[in-house]
Every structure is written in structure tokens, then in C-alpha cells.
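Notes for the one structure printed next.
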Amino acid sequence: MAETIPSQSALAPLGLEARPWPEDAPVRMEEHAHSGKLVLRGDHRDSDFMNAVRGVLGMTPPLVPLGSMMVKGRVVLWLGPDEWLIACPAGAETALYAELRTALNGVHAALVDLTDAQTIIRISGPRARDLIAKGCTLDLHPHTFGAGHVARGTLAHAQITLLQTAGDGEAGSPAFDLYVGRSFAQHLWRWLEDAAREYPGGTDPA
Amino acid sequence: MLQIACPHCGPRDENEFSCGGEAHIARPKQPDAISDAEWADYLFMRTNPKGALAERWCHTVGCRRWFNVERDTVTHTILRVYAMGAPRGGGGGA
């Protein structure tokens, strides 16, 4: 008999709610769990594919490398010339998946629900950029990497997708959404927590 | 550490990429019609030049796309980056 198992976030075993970050910390991190994530692949030169995607998303997916777009509470991230990650609010992914699947019926495309395969670590604060740069070879200088910028790379040996959600000028400090596979999430969180210790105000992982 | 200019993502460090060996090695159209020696030549023999070499590279942790790179095996200088399927064009080597 089928049982219903409640989904547990990738970082739930760490009990993060028991040790919140101080409001004035130069770096703050939180897990943004359970938000919907779909990976869409198809040829942008195929008008059937693009029309189907536009019909559902109400936008053309970003074609400029390393870009992202936000429409109707969803973020579409460029992952490759024929690959996009669609992030949507938690619980909305099932309906969006069905809608896209119907629209793409008969079209050469691939659609995969990665909602539970990855989690998002949100990093914000004036030293957020410095923290990520400690373990990442991406060029994160604000002239190169700004709000809306997406890049896949590695952070502390874990494969990540990094999206800058707020610019350095807005609200004083940048913010990043770091998508990581759930089996790497605990390692990455602990590594980040340790790397953040030099910024006073950060929680002590000990 | 090489810095390789991915045609999509721009310059990135070598450890984001995987090397797929020498480029432009065509698979025999009719493998069963050729001799073992010819098949072995296709499978194993590489030009191994001292100088310009065309290689296939994949941006594994980035956009996951394959492309060709012409690299000098002596100096590691990257001479050219070009699309999969494009002819090698100019350059020396074997």
C-alpha cells in the first residue's frame, strides 16, 4: 500500500532554525527549501518549441548566456544554449510541469522536475560575495557578475548554480541563490558556515 | 592551470572542463569492411604532435557543451576555440 511521506528539506537534519543568524551579520544564510525547479531543454531555433514555451511562461526564455529573467513569480535561468532552469514557488511545480508537458506535446523537448533533487542556499549581506569567492573560481567581481547573472561552477568541490538575486547597490548588499544537489547541501552549508566565521556576527558552527 | 574560453560562458578555469582527446578523427563509415589494422589505427593511433593540436573539450560543470580547442602542446597556448563540427582551418601541426 502506498504511503505518503512528507518531504524533508535537504538541510533539515542540521536544525538550522535553532541557530538563526544575527540581523547585523555581514553574511547571512538560509535554506530556501522545496521551491519548484524544472529543467527544460529544447532548440530555440525551433519555432514550435519557442511558441509552446512562450505560451506557458508568458516570456521568451533568456537566450543570452549567463542571463536570467523573472516573470510572474518565476525565474528562468540560462543553463546552456538549449537548457533552462525554471524556478517557481513551492507547490506550483506540479501544475507548471503538466501545463508545459501539454504544450510541448509532439515537440522535440525535454522537461524534468528537479524540485527535490536540489535545494537553494540563500546568501546575503555585504560580505556575501567574499564568502562565495573563497571556494569558487568564478569571476564574481561586481563588474562581471551582477544582479540577474547566472553561472554554473564549483564551490568547495560541489557543483552549484549561482544566481545573483539582488545587486550590490540595492538595499546596500548583494544576495545570491545557490542551487546545489541535496546530497551536497549539508557539506556545502557546513563549509560556508566555517568560511563565514571570520566575519564577526556569524554563527559558530562548533 | 589553463584558462579556456568557453564559446558560451567565457573564460573559465581548466578544472571546469573535460578533455575529450584529439578532434577530427572520423569513425570509419563501414567498420566491418576494413581490416583490423585500419580499425586499430582509428581507435588507438593519435598524431601526438609537438606543437598545435586540435582537441575536443566539454564545459562539464558549466553549460555542458562540447567544442574544439586548438592548443600548443609545448607552450599550452590556446590558439583557437571553435564550434563542434567546424573544420579545423588554419594552424600547423600534423
Side-chain angles (χ1 to χ4, degrees), chain A residues 39-45 61-68 76-85 110 112 114 117-118 132-146 148-164 178-181 183-184 187-188, chain B residues 1-27 29 51-91 93:
Chain A
V39 163
L40 172 69
R41 295 196 65 180
D43 187 352
H44 66 86
R45 291 161 301 186
L63 297 177
V64 177
L66 311 173
S68 70
V76 182
L77 291 76
W78 183 96
L79 296 184
D82 60 2
E83 187 173 6
W84 297 270
L85 176 68
V112 183
L114 287 186
Q118 298 185 347
I132 299 168
K134 281 188 182 192
C136 187
T137 60
L138 293 169
D139 184 357
L140 296 175
H141 191 278
H143 290 165
T144 315
F145 207 99
H149 204 97
V150 177
R152 286 203 287 194
T154 54
L155 176 59
H157 307 292
Q159 258 195 48
I160 54 154
T161 304
L162 186 65
L163 165 69
Q164 184 167 351
L178 202 154
Y179 294 72
V180 62
S183 57
F184 284 92
H187 151 70
L188 197 56
Chain B
M1 175 83 73
L2 294 175
Q3 211 173 47
I4 300 171
C6 168
H8 304 289
C9 305
R12 297 284 184 93
D13 282 359
E14 178 186 352
N15 54 12
E16 292 195 7
F17 297 85
S18 317
C19 183
E22 189 171 350
H24 308 300
I25 293 175
R27 190 177 194 272
K29 288 206 172 5
L53 170 68
E55 293 173 321
R56 299 170 301 176
W57 284 80
C58 179
H59 192 192
T60 322
V61 306
C63 60
R64 307 197 298 170
R65 259 4 75 136
W66 285 92
F67 55 93
N68 290 317
V69 169
E70 201 171 280
R71 179 177 66 88
D72 191 307
T73 57
V74 179
T75 62
H76 287 306
T77 310
I78 295 192
L79 306 167
R80 195 172 154 234
V81 174
Y82 55 105
M84 220 53 185
R88 182 169 177 184

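Within every chain, numbering begins at 1; the chains are lettered A, B, ... in the order of the sequence lines, protein sequences first and strands thereafter.
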Item to check | Qualifying residues under side-chain hydrogen bond (donor to acceptor under 3.5 Å, both in side chains), relative to B:Thr73, sequence neighbours excluded | outcome: none

Checklist entry - Just one of B:Thr77, B:Leu2, B:Ile4 clears the side-chain contact (heavy atoms from CB on, under 4.5 Å) bar with B:Arg71, so which one? => result B:Leu2

Item to check | Proximal component of A:Leu79, with respect to chain B [non-hydrogen, under 4.5 Å] | outcome: backbone

Item to check | Reported CG-to-CG distance for the pair A:Leu162 and A:Leu155, which is rounded to 0.5 angstrom | outcome: 8.0 Å

Item to check | Sequence-distant partners of B:Ala54, side-chain contact (heavy atoms from CB on, under 4.5 Å), two or more places apart | outcome: B:Ala23, B:His24, B:Tyr82, B:Arg88

Item to check | B:Val74: side-chain contact (heavy atoms from CB on, under 4.5 Å) partners, not counting sequence neighbours | outcome: B:Lys50, B:Asp72

Checklist entry - What distance do A:Ile160 atom CD1 and A:Leu138 atom CG have between them, rounded to the nearest 0.5 Å? => result 6.0 Å

Scan chain B against chain A and return every donor-acceptor pair whose distance is under 3.5 Å.
| from | atom 1 | to | atom 2 | distance (Å) |
| --- | --- | --- | --- | --- |
| B:Arg12 | NH1 | A:Arg152 | O | 2.9 |
| B:Gly62 | O | A:Arg152 | NE | 2.8 |
| B:Gly62 | O | A:Arg152 | NH2 | 2.9 |
| B:Arg64 | NH2 | A:Glu83 | OE1 | 3.2 |
| B:Arg64 | NH2 | A:Glu83 | OE2 | 2.7 |
| B:Arg65 | NH1 | A:Asp82 | OD1 | 2.3 |
| B:Arg65 | NH1 | A:Asp82 | OD2 | 3.2 |
| B:Arg65 | NH2 | A:Glu83 | OE1 | 3.1 |

